[in-house]
Novice: 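Before anything else, here's the structure in question.
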Amino acid sequence: MKITKLHEWNLAPREAIELQKQLAYEVVTRDEFDAPIKTVAGIDLGIDVKNDTCRAVVVVLNFPQLDLIETAEAILPIQFPYVPGLLSFRETPVAVVALEKLTVTPDLILCDGQGIAHPRRFGIACHIGLITGVPSVGVAKSLLVGKYGSLGLTRGSTAPLIHQNERVGVALRTKDNTQPVYVSAGHKISLETATGYVLQCAPKYRLPETTRLADKMASYRKK
DNA sequence: GCGACAG
DNA sequence: ATCTTGTCGC
């Protein structure tokens, strides 16, 4: 797929913060796409400390069947430190390379990280949504900011995620008795709509379980 | 000033 | 992100 280069990535942390503040104004937190959604992409980001590299794995599924129709991967040297709140400057470049390899342009992108549930309301899902122009959703395995109250134990249970008196996302249980994921709007989509898609895609796109499985396989392989 | 802190 | 023991559930 084609991706627009909005700016350089080799910024100093301080400059990156200012850029986020500006770009945050461009984020659209309401549904702004042509229904129906026919394809959904999921991006998993991570780093390999041993090789000093960032990695992005992208899967594209048709919707709502959730059959796998395409995958792409990219690996790049790490060129930005991990700073809470500036994750997108570390991980987005490799995500861009992987996304550009896709022959199809997905209708929705589920990102590994926060959307507007971010100190400056501009997490990596917002960034990816902005540069791709594709509706995006932040699906994080842990919290960056915000708090939430009691959450039911069954699949589909949600609790509002509040930060500075604003509802910035939801804690969502995608499977009975497992850790929830944290959903927040990325770009061109509302929280309600985003939550619905994440829940529907969860059988195939299940970050907590996927991550744990990958960790187990990695440690098991070492022994 | 102290603690918290996506991946 | 990664490391790590015992424990629970299918």
Side-chain angles (χ1 to χ4, degrees), chain A residues 9 13-14 16-17 19-20 23-24 27 42-58 73-99 109-130 136-148 153-155 161-164 166 168-187 191 194 198 203 205-223:
Chain A
W9 291 100
R14 181 154 190 163
I17 289 174
L19 180 56
Q20 287 183 326
L23 294 178
V27 173
I43 308 183
D44 186 31
L45 290 324
I47 62 167
D48 185 338
V49 179
K50 299 183 183 296
N51 299 314
D52 217 41
T53 54
C54 295
R55 185 181 66 138
V57 176
V58 181
E73 182 177 12
I75 294 177
L76 291 180
I78 292 176
Q79 37 65 285
F80 196 92
Y82 173 69
V83 180
L86 297 182
L87 180 69
S88 68
F89 289 87
R90 181 176 171 88
E91 311 267 23
T92 303
V94 70
V96 168
V97 175
L99 287 170
I109 301 178
L110 305 185
C111 303
D112 183 15
Q114 309 291 349
I116 63 168
H118 178 279
R120 291 168 292 281
R121 304 290 180 265
F122 196 73
I124 190 168
C126 302
H127 215 146
I128 289 178
L130 222 51
S136 62
V137 178
V139 186
K141 299 182 289 295
S142 61
L143 288 177
L144 174 59
V145 297
K147 297 179 298 185
Y148 63 100
L153 297 175
T154 59
R155 167 179 159 85
L161 178 62
I162 307 297
H163 180 233
Q164 296 174 346
E166 284 183 73
V168 295
V170 298
L172 169 68
R173 197 89 67 184
T174 58
K175 185 182 178 185
D176 291 354
N177 303 344
T178 60
Q179 282 295 306
V181 292
Y182 304 99
V183 179
S184 56
H187 185 43
L191 176 59
V198 171
Y205 186 80
R206 190 159 9 219
L207 282 176
E209 287 75 13
T210 298
T211 301
R212 286 175 188 170
L213 181 59
D215 287 347
K216 279 189 176 181
M217 291 178 73
S219 60
Y220 188 72
R221 188 173 180 177
K222 288 179 181 177
K223 301 177 183 176

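Numbered from 1 within each chain, the chains take letters A, B, ... in sequence-line order. Values below: every heavy atom of this structure, side chains too, minus hydrogens, waters and symmetry copies.
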Novice: Base, sugar-phosphate, or nothing: which does Ile124(A) touch, judged by heavy atoms less than 4.0 Å apart?
Specialist: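 Counting heavy atoms under 4.0 Å across all strands, the contact made by Ile124(A) includes a base.
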Novice: Is Lys141(A) close enough to dA6(B) that one of its side-chain N or O atoms is under 4.0 Å from OP1 or OP2 there?
Specialist: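 Looking at the OP1 and OP2 atoms of dA6(B), neither is under 4.0 Å from any side-chain N or O of Lys141(A).
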Novice: Please tabulate, for side-chain N and O atoms in residues 80-90 of chain A, each donor-acceptor pair with protein atoms closer than 3.5 Å (sequence neighbours left out).
Specialist:
| unit_1 | atom_1 | unit_2 | atom_2 | d |
| --- | --- | --- | --- | --- |
| Ser88(A) | OG | His127(A) | ND1 | 2.9 |
| Arg90(A) | NH1 | Phe80(A) | O | 2.7 |

Novice: Which part of the nucleic acid does Ile47(A) contact within heavy-atom distance under 4.0 Å: base, sugar-phosphate only, or nothing?
Specialist: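 Here Ile47(A) touches the bases of the nucleic acid.
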Novice: Evaluate the side chain to side chain contact (heavy atoms under 4.5 Å, CB included) criterion for residues Glu91(A) and Ile47(A): first the C-alpha distance (whole Å), next the side-chain angles of each, then the deciding distance (0.1 Å), finally the verdict.
Specialist: CA-CA 9 Å; Glu91(A) 311 267 23; Ile47(A) 62 167; 3.9 Å; yes
Novice: Report the distance from atom CD1 of Ile116(A) to atom SG of Cys126(A), rounding to the nearest 0.5 Å.
Specialist: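 If I round to the nearest 0.5 Å, the distance is 6.5 Å.
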Novice: Whole Å only: how far is the CZ atom of Arg90(A) from the P atom of dG7(B)?
Specialist: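 Going from CZ in Arg90(A) over to P in dG7(B) covers 13 Å.
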Novice: Taking Arg121(A) as the fixed residue, which of Glu166(A), Gln114(A), Gln20(A) is the one that meets the side-chain hydrogen bond (donor to acceptor under 3.5 Å, both in side chains) rule?
Specialist: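 Result for side-chain hydrogen bond (donor to acceptor under 3.5 Å, both in side chains) with Arg121(A): Glu166(A).
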Novice: Tell me the interatomic distance from Gln179(A), atom CD, to dG7(B), atom P, rounded to whole angstroms.
Specialist: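 Rounding to the nearest Å, CD of Gln179(A) and P of dG7(B) are 12 Å apart.
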Novice: How is the base pairing of DNA chain B summarised as a dot-bracket string, given the Watson-Crick and G-U wobble criteria with both distances under 3.5 Å, [ ] for crossing and | for another strand?
Specialist: .......
Novice: Which is true for Ile78(A) with a 4.0 Å heavy-atom rule: it touches a base, it touches only sugar-phosphate, or it touches nothing?
Specialist: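 Here Ile78(A) touches no strand at all.
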Novice: Could you give the CG-to-P distance, from Asp48(A) to dT2(C), as a whole number of Å?
Specialist: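 It works out to 8 Å between those atoms.
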Novice: Starting at CG of Leu144(A) and ending at P of dA1(C), how long is that distance when rounded to a whole Å?
Specialist: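 Distance check: Leu144(A) CG to dA1(C) P gives 14 Å.
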Novice: Take the protein atom CG of Leu153(A) and the nucleotide atom P of dG9(C), then report the distance between them rounded to whole Å.
Specialist: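 So the CG-P distance, Leu153(A) to dG9(C), works out to 13 Å.
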Novice: For Arg120(A), does the CZ atom have more than 12 heavy-atom neighbours from other residues, nucleotides or ligands under 6.0 Å away?
Specialist: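 Yes, CZ of Arg120(A) has more than 12 neighbouring heavy atoms, counting only those of other groups under 6.0 Å.
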Novice: So does Ser142(A) get a side-chain nitrogen or oxygen closer than 4.0 Å to the phosphate oxygens (OP1/OP2) of dC5(B)?
Specialist: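 No, Ser142(A) has no side-chain N/O under 4.0 Å of OP1/OP2 on dC5(B).
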Novice: With no hydrogens and no angle check, is any side-chain donor or acceptor of Arg155(A) less than 3.5 Å from a backbone partner on Thr174(A)?
Specialist: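 Confirmed, Arg155(A) side chain pairs with Thr174(A) backbone.
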Novice: Whole-Å distance between dA4(B) C1' and Leu161(A) CG?
Specialist: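 Atom-to-atom, Leu161(A) to dA4(B), this comes out as 15 Å.
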Novice: What is the separation between atom CZ on Arg120(A) and atom P on dC5(B), rounded to the nearest whole Å?
Specialist: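 Spelled out: CZ on Arg120(A) to P on dC5(B) is 16 Å.
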Novice: Could you tell me whether the side chain of Ser136(A) and the main chain of Ala125(A) form a donor-acceptor pair under 3.5 Å?
Specialist: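 Yes: the side chain of Ser136(A) pairs with the backbone of Ala125(A).
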Novice: Report yes if a side-chain nitrogen or oxygen of Lys50(A) is closer than 4.0 Å to either non-bridging phosphate oxygen (OP1 or OP2) of dT2(C); otherwise report no.
Specialist: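 No, Lys50(A) has no side-chain N/O under 4.0 Å of OP1/OP2 on dT2(C).
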Novice: Nearest whole angstrom, please: distance from the P of dG9(C) to the NZ of Lys175(A).
Specialist: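 Rounded to the whole Å, the gap is 14 Å.
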Novice: Please work out if Gly85(A) contacts a base, only the sugar-phosphate, or nothing of the nucleic acid, heavy-atom cut-off 4.0 Å.
Specialist: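 Answer is base: heavy atoms of Gly85(A) come under 4.0 Å of a base.
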Novice: Measure the distance between the ring centre of Tyr82(A) and the centre of the six-membered base ring of dG7(B), then answer whether it is under 5.5 Å with planes under 30°.
Specialist: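 A stacking contact exists, since Tyr82(A) sits close and nearly parallel to the base ring of dG7(B).
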